[in-house]
Every structure is written in C-alpha cells, then in structure tokens.
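Just so we're on the same page: letters track the sequence lines, and every chain starts at 1.
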Protein chains: 2
Amino acid sequence: MLSKKCKYAIHALVYLAERYQKGPVHIQEIAEKKNIPKKFLEAILLELRKAKVLHSKKGKGGGYTLYQKPSEVNLMEIMRLMDGPIALLPCVSLNYYERCEECRSEKTCGIRDVFLNVRDETLEILGGSTLDKILKREKSMLTK
Amino acid sequence: MLSKKCKYAIHALVYLAERYQKGPVHIQEIAEKKNIPKKFLEAILLELRKAKVLHSKKGKGGGYTLYQKPSEVNLMEIMRLMDGPIALLPCVSLNYYERCEECRSEKTCGIRDVFLNVRDETLEILGGSTLDKILKREKSMLTK
DNA sequence: CTTTTTCCTACTGAATTAATAGACTTTACT
DNA sequence: AGTAAAGTCTATTAATTCAGTAGGAAAAAG
C-alpha cells in the first residue's frame, strides 16, 4: 500500500499540474483543496523540491510550481521518492537492490522470477502514468 | 514490499509442496532448511492452518502438510492472508476496499484508474503463480 | 505415563508512519 | 526601514506495525 505521504504527494502534484504556468501556488491552497494537513504537506513539498520535482519561491507572491512539464513527471519516480522501492522483494528491486538471505541462488529461485514479472508490469504502468495523462483522463471522465 | 512473515510463509509452502504426499513435516525441519526463526514460523504455519491452506497433526509423528494440491495454492491468496491487501490503494482493493478520503468521485479519479490497472496486472501474475509452477521452474533452472 | 509435536496467549523492542510545534529566512510592498 | 506573507528547517511525539520471544497447555503415539 502507498503511504499517506505518497498519496498526498500525488494529489498535490496533480493539482499543481492543473495550475501549470499559472503562477506559484501556496501550500495553504493545496492543503485546503486536497484535504491534506498543512504542516505535513509542507514537509512533502520540501522533499519534492529537493528532488527537483518542484520549484519554490519564498515570500509574498511565492509558492510552488512544477519544475518540469506535467508530461515529464510520472508516478514511478514520485513513488520511489516518497515510499522507496516499488518492487515487492529487495532482490528484484532496481533502485534498492539487496540480496535475499533466504535464497540459495537468485538464478534458480522460482519465487524471484514471479516478482520480477510483477515489478516489470508495475513499472511499465507507473512509468507511463504522467501528470498530464492523469489530468486528461479526469477531464474526459467528467464530460461523460 | 512483502513482510518477512509473508516471505517466510511462501518459502515454507514451497518446501511443503516439494514434500507433498511424503508425510507430515516438522516445523523444526522447515525452520532449519529455510533459515526461519522457529517460533516465528510456528505462528505463521498456525495461521495458514486456520485459513485451511495447511493441515496439521499433533504429537509424535505429527507435523504439517498441504491441505490442497500444490497446483491449487497460489501466491495471491498467500499474500492476502499474510500481508492483507495487494492493491496499492484502498479504493481499488477487491478484498479490503475502503473509500478514498481525498477523492471527490471515484468515477472521475485519474489516479485511481492507474492503480486499478496495476492491481489487475499484479493479480493476474500472482494468481497464476501456483506452488507447483514455482517448483517446476526451480527444477528446470537447476538443470541448465 | 512419557515423549514428541503442535497450539495458544501474552509480551517486547525496534522501526516506521503520520503528523505537530516553533522558530528562522526570504521576498514584496508600502 | 518595517511589516506581512510566504517557504525552510530542526526537533519531537503518539500510534501503529513488524519481527520475534517466552512459556506453558493440549493432543497423539507408543
């Protein structure tokens, strides 16, 4: 399961994608619209800024904006930033790999093979899920 | 990520599948062969027995056996038993569904759609991963 | 009636999650 | 210069989950 932190991050980013190129957005505004505790959201956005997903401006008239175009931000990278590994086993993780203690050999592990498969399918979907696609889908669903 | 509990459960079940129809297997034996803390494994096997995945016999000559054929036990059900939901969001979970607080409407949520997709692909793979298939794969990989 | 094995209840330490508090810094505007 | 409006940063905390342990009760076999 995704952590609340990660869910909040995704919701905030979708909101910012909607406001793309319409000037900085306050933490306060996002927190209210998306029902996220302000202080918690603060920490999340700060982390996303440090990872160069967001850009920020301090002081009056400040706020947050996307660092890149909505079509260049996908859920795979957001989830990795917020929750760490996407794979279900450390031994099939691309970014957080760790050897399996239980297994004799990775080559012959029939379990590993399954989760390698799950990982690949999952990354395929998440990697293709960009903010602009999510937005587009929401809009098209509204008119139906 | 899978919990250790779930990983232990899978390894134990694969071991029991290997010994299918060769008489009851002791907790002790599984614990040693698979490097699992005995007391912890005890609790896990007990849970699997209550879920009718395993059958047990007490006393001398006792031990654990699979309740069903190895071809009838898949990773989807094991993971649900051990770790709960497989879906990444409560609002797309089949067995542990909960409404999303953040979302206005599930119908028009562009985020939900992505994770519905991930869930379907994941269940497809895990549901098809039966103990006998895992065993077969391990054996075929050994001879290579 | 003793040995072997599973069954059951309760507990614990460590880590993670989901926040909250409060002071600091930067910027725009008057 | 002064002030209000933002984001920045460090620390703390309460609750929950995870991973495992302890110790004895119950059942079956011989």
Side-chain angles (χ1 to χ4, degrees), chain A residues 1-12 16 19 23-32 34-67 79 81-85 88-90 96 98 101-102, chain B residues 1-12 16 23-32 34-67 79 81-85 88-90 96 101-102:
Chain A
M1 284 273 184
L2 298 201
S3 66
K4 290 212 167 189
K5 186 179 163 192
C6 190
K7 275 201 272 182
Y8 290 159
I10 295 172
H11 281 285
L16 284 167
R19 297 278 179 295
V25 183
H26 300 161
I27 295 176
Q28 184 69 39
E29 181 183 334
I30 306 174
E32 278 169 11
K34 294 290 182 174
N35 279 299
I36 304 172
K38 193 195 160 195
K39 270 291 185 181
F40 197 10
L41 182 59
E42 227 176 275
I44 293 168
L45 298 185
L46 207 51
E47 217 175 313
L48 290 171
R49 200 215 56 173
K50 283 179 182 160
K52 298 248 182 189
V53 172
L54 293 179
H55 173 77
S56 71
K57 205 183 160 202
K58 279 183 175 180
K60 214 168 191 173
Y64 279 97
T65 47
L66 288 182
Y67 195 84
M79 283 174 59
L81 279 171
M82 294 293 111
D83 285 353
L88 293 173
L89 290 180
Y96 301 81
E98 259 178 74
E101 309 142 36
E102 290 82 35
Chain B
M1 283 273 184
L2 299 202
S3 66
K4 290 211 166 192
K5 186 180 164 192
C6 189
K7 276 200 271 182
Y8 291 158
I10 296 172
H11 281 284
L16 284 167
V25 183
H26 300 160
I27 295 176
Q28 184 69 38
E29 180 184 336
I30 306 173
E32 278 169 11
K34 294 290 184 175
N35 279 300
I36 305 172
K38 193 196 160 194
K39 270 292 187 181
F40 197 10
L41 182 59
E42 221 176 280
I44 293 168
L45 297 186
L46 208 52
E47 217 175 313
L48 290 171
R49 198 215 59 171
K50 282 179 182 160
K52 299 247 182 188
V53 173
L54 294 179
H55 172 78
S56 70
K57 206 184 159 200
K58 279 183 178 179
K60 214 169 192 172
Y64 278 98
T65 46
L66 287 182
Y67 195 85
M79 283 175 60
L81 279 171
M82 295 293 110
D83 286 354
L88 294 172
L89 290 179
Y96 302 81
E101 309 141 37
E102 290 82 37

Check [X] against [Y] and note the closest heavy-atom contact, atom names and distance.
| X | Y | answer |
| --- | --- | --- |
| A:L88 | B:M79 | CD1-CE, 4.1 Å |
| B:G62 | B:H26 | O-CD2, 3.3 Å |
| A:L41 | A:I27 | CD2-O, 3.7 Å |
| B:K7 | A:L89 | CD-CD2, 3.5 Å |
| A:G61 | A:P24 | O-CG, 3.6 Å |

- Item | Distance (rounded to the nearest 0.5 Å) between A:Y64 OH and A:E29 CD |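 CD of A:E29 is found 14.0 Å from OH of A:Y64.
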
Show me the donor-acceptor pairs within less than 3.5 Å that the side chains of residues 43-57 of chain B make with the rest of the protein, sequence neighbours left out.
residue : atom : partner : partner atom : Å
B:E47   : OE1  : B:K5    : NZ           : 3.1
B:E47   : OE2  : B:K5    : NZ           : 3.4

- Nucleotide range of DNA chain D lying under 4.0 Å from chain A heavy atoms: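 First and last nucleotides in contact are D:dA5 to D:dC9.
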
- Pairing residues for A:Y67 by the ring-ring contact (aromatic ring centres under 6.0 Å, His included) criterion, not counting sequence neighbours: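 If we apply the ring-ring contact (aromatic ring centres under 6.0 Å, His included) test to A:Y67, skipping adjacent residues, there are no hits.
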
- Query: Atom CE of A:M82 to atom P of C:dT16: distance rounded to whole Å?
  - Reply: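 Answer to the nearest Å: 16 Å.
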
- Note down the inter-axis angle between the two ends of the helix from C:dC1-D:dG30 to C:dT30-D:dA1, five pairs each, to the nearest 10°.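 Angle reported: 10°, given to the nearest ten degrees.
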
- Give a yes/no on whether any side-chain N or O of A:Y8 is located under 4.0 angstrom from OP1 or OP2 of C:dA18.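 False: A:Y8 side-chain N/O out of range (4.0 Å or more) of C:dA18 OP1/OP2.
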
- Message: Once side-chain hydrogen bond (donor to acceptor under 3.5 Å, both in side chains) is applied, do any residues pair with B:T65, and if so which ones, sequence neighbours excluded?
- Response: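 Scan of B:T65 (side-chain hydrogen bond (donor to acceptor under 3.5 Å, both in side chains), adjacent residues dropped) gives none.
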
- In 5'-to-3' order, the base (B), backbone-only (S) or no-contact (-) status of each nucleotide in nucleotides 5-15 of chain C, using a 4.0 angstrom heavy-atom cut-off, is BBBB-------

- Sub-4.5 Å side-chain heavy-atom contact between B:K4 and B:P37: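 They are not in side-chain contact.
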
